[in-house]
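In this text the structure is predicted, and so the values were computed from the model without any measurement.
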Amino acid sequence: MSRIQWRLREFPKTISQTVRFRWQYGKQCFRSLTYNHHMNQSYASDVCMEPIFWFVDNFTHLLGPFFVLAVVCLTTAVVTVCYWIGLPYWWNRNPYMTVFLLLVGHWLLLNVTFNFYKAASVSPGYPPEKELIVEAVSICKKCIAPKPPRTHHCSVCNRCILKMDHHCPWLNNCVGYHNHRYFFLYMLYTTIGTLFIIVFGFELGYGVLFLDETGGWKEVEPLQGHPVRFNLSGHIIPVTEMNDYENDGMAPAEHDLPVPRDNEHAATVHGTILFMALINVATLFALGSLTAWHSTLITRGETSIEAHINKSETKRLAAKNETYRNPYDFGPRQNWRLFLGLHRKRSFWRHVLLPSSHKPDGNGLTWVTIGAIGAADATDEWP
């Protein structure tokens, strides 16, 4: 092998080695700047994300009313379209089925409206100010005030929230101890409502969007040839003028043909059905996944913030061959009863399937843990 051939053979390998070396060198330089006594990667990430944190903290509360207005407008638009297009469609098909759909639809609408209003208007709960909180477990670094268990500071509301789950811009409110149930039921009933509209509006939407069945008349096969008529002797005479009947002293013929609807009306119906399809499918996937996630959290007896904390604690103790257990997890059934407030003779049929303003048990400052009472010892009057 000649020297030139050897160089050509080793040339790609030399380039790959050079690129790999430069990449490793760049990583080492970056680590040398972050891994020291004054900085680490976490701190560097916080510095880079600081503009986003600043925007969220200072402008989310200003955008909140617009998000609430958007929810109200979209909900109103969807309900209006159901009355305008869906109701006549089903009434022509089956009046009895229409009555059933009206009852179910209004039940869902009542629950959606009630729970959204309560979730947006009810205070999530705050620790008492200028009072001694014996239940406090730490001091809030931002409020410089005692912080009870399961309480976290909201940077948007700029205060501590009892049993905080998260700040919801669509409610313009924090989700906490007093309105967490309303928030979840709103998501649940909205998901069921969108699924209800999709199921019972699928045939109508499919006909309009894919079969172009907007109620107008269209010609299946175009006419071919020349218009003709028969004279008195039976001969065929071509019709050359539109008023050919009038020239013979005959009255114009009257035909009972379907009258096509206005094209603008058909286009409006088509656009409206497309809007309904996009909004309901997007809402179903977005709120459906969020509802499933919160259902998992409720089953485990934790909030969104506590899920991250418990996950970190589980990993930390696993490294020590220890097992972490959520102190507020009393089992799936008891966790759901506590969350929905189904204690003290409250029933699922009255206080969940129908709008209910009952408050959660306790005061949000003191919490029963699995160390104090077991799930097997729980009674109907507990907590």
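A salt bridge (charged side-chain N to carboxylate O under 4.0 Å, His left out) check over residues 158-183, counting only residues at least two apart or in different chains, returns the pairs Glu129-Arg159. A salt bridge (charged side-chain N to carboxylate O under 4.0 Å, His left out) check over residues 80-93, counting only residues at least two apart or in different chains, returns the pairs Arg93-Glu203. A salt bridge (charged side-chain N to carboxylate O under 4.0 Å, His left out) check over residues 106-116, counting only residues at least two apart or in different chains, returns nothing. Listed by first and then second residue, the side-chain hydrogen bond (donor to acceptor under 3.5 Å, both in side chains) pairs that reach into residues 324-333 are Asn310-Tyr324, Asp329-Asn335, sequence neighbours excluded. Within the structure, no pair that satisfies the side-chain hydrogen bond (donor to acceptor under 3.5 Å, both in side chains) test touches residues 192-202, not counting sequence neighbours.
Leu162 places a side-chain heavy atom less than 4.5 Å from the side chain of Pro148. Put simply, the side chain of Glu322 does not reach to within 4.5 Å of the side chain of Glu313, judged on heavy atoms. Here the side chains of Ser155 and His167 are not in contact, with every heavy-atom distance at 4.5 Å or above. Side-chain contact between Val269 and Ile273: present, with at least one pair of heavy atoms (C-beta onward) separated by less than 4.5 Å.
With sequence neighbours excluded, the residues satisfying side chain to side chain contact (heavy atoms under 4.5 Å, CB included) with Pro128 are Glu131, Ile133, Leu365. Every residue meeting the side chain to side chain contact (heavy atoms under 4.5 Å, CB included) condition with Asn94, not counting sequence neighbours, appears here in chain and number order: Tyr96, Met97. With sequence neighbours excluded, the residues forming a side chain to side chain contact (heavy atoms under 4.5 Å, CB included) with His152 are Met164, Ile305, Ile309, listed by chain and number. Residues satisfying the side chain to side chain contact (heavy atoms under 4.5 Å, CB included) criterion with Val281, sequence neighbours excluded, are Ile198, Phe285.
The aromatic rings of Phe200 and Phe196 are tilted relative to each other, their planes meeting at an angle between 30° and 60°. The aromatic rings of Phe183 and His180 sit tilted relative to each other, their planes meeting at an angle between 30° and 60°.
Residues Trp349 and Leu103 do not share a hydrophobic cluster, defined by chaining ILVMFWY side chains whose heavy atoms lie under 4.5 Å apart. Note on Val112: it does not cluster hydrophobically with Leu110, by side-chain heavy-atom contacts below 4.5 Å among ILVMFWY residues. Cluster annotation: Tyr182 is not connected to Leu188 through the hydrophobic network of ILVMFWY side chains, with a link wherever side-chain heavy atoms come within less than 4.5 Å. Under the 4.5 Å side-chain contact rule for hydrophobic residues, Tyr177 and Val175 do not share a cluster. Under the 4.5 Å side-chain heavy-atom criterion for Ile, Leu, Val, Met, Phe, Trp and Tyr, Val137 and Ile161 are members of distinct hydrophobic clusters.
A distance of 6.0 Å or more separates the ring centres of Phe330 and Trp367. In this structure, Trp107 has its ring center closer than 6.0 angstrom to the ring center of Tyr189.
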- Item | Verdict with reasoning, Lys141 to Lys147, per side-chain contact (heavy atoms from CB on, under 4.5 Å) | CA-CA 10 Å; Lys141 298 179 181 179; Lys147 190 163 62 172; over 6 Å; no
Distance-only criterion, 3.5 Å: show the donor-acceptor pairs between side-chain atoms of residues 114-126 and protein atoms not counting sequence neighbours.
residue: Asn115; atom: ND2; partner: Asn111; partner atom: O; Å: 2.7
residue: Ser121; atom: OG; partner: Tyr117; partner atom: O; Å: 2.6
residue: Ser123; atom: OG; partner: Gly125; partner atom: N; Å: 3.3

Listed pairs under 3.5 Å, donor-acceptor, residues 64-75 side chains, sequence neighbours left out:
residue: Thr75; atom: OG1; partner: Val71; partner atom: O; Å: 2.8

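Not a single donor-acceptor pair under 3.5 Å links the side chain of His294 to the backbone N or O of Leu290. Checked by atom type and distance alone, the side chain of Thr299 never pairs as donor or acceptor with a backbone atom of Pro332 at under 3.5 Å.
With a 4.5 Å cut-off between side-chain heavy atoms of Ile, Leu, Val, Met, Phe, Trp and Tyr, the cluster of Leu87 takes in Val79, Tyr83, Leu102, Leu109.
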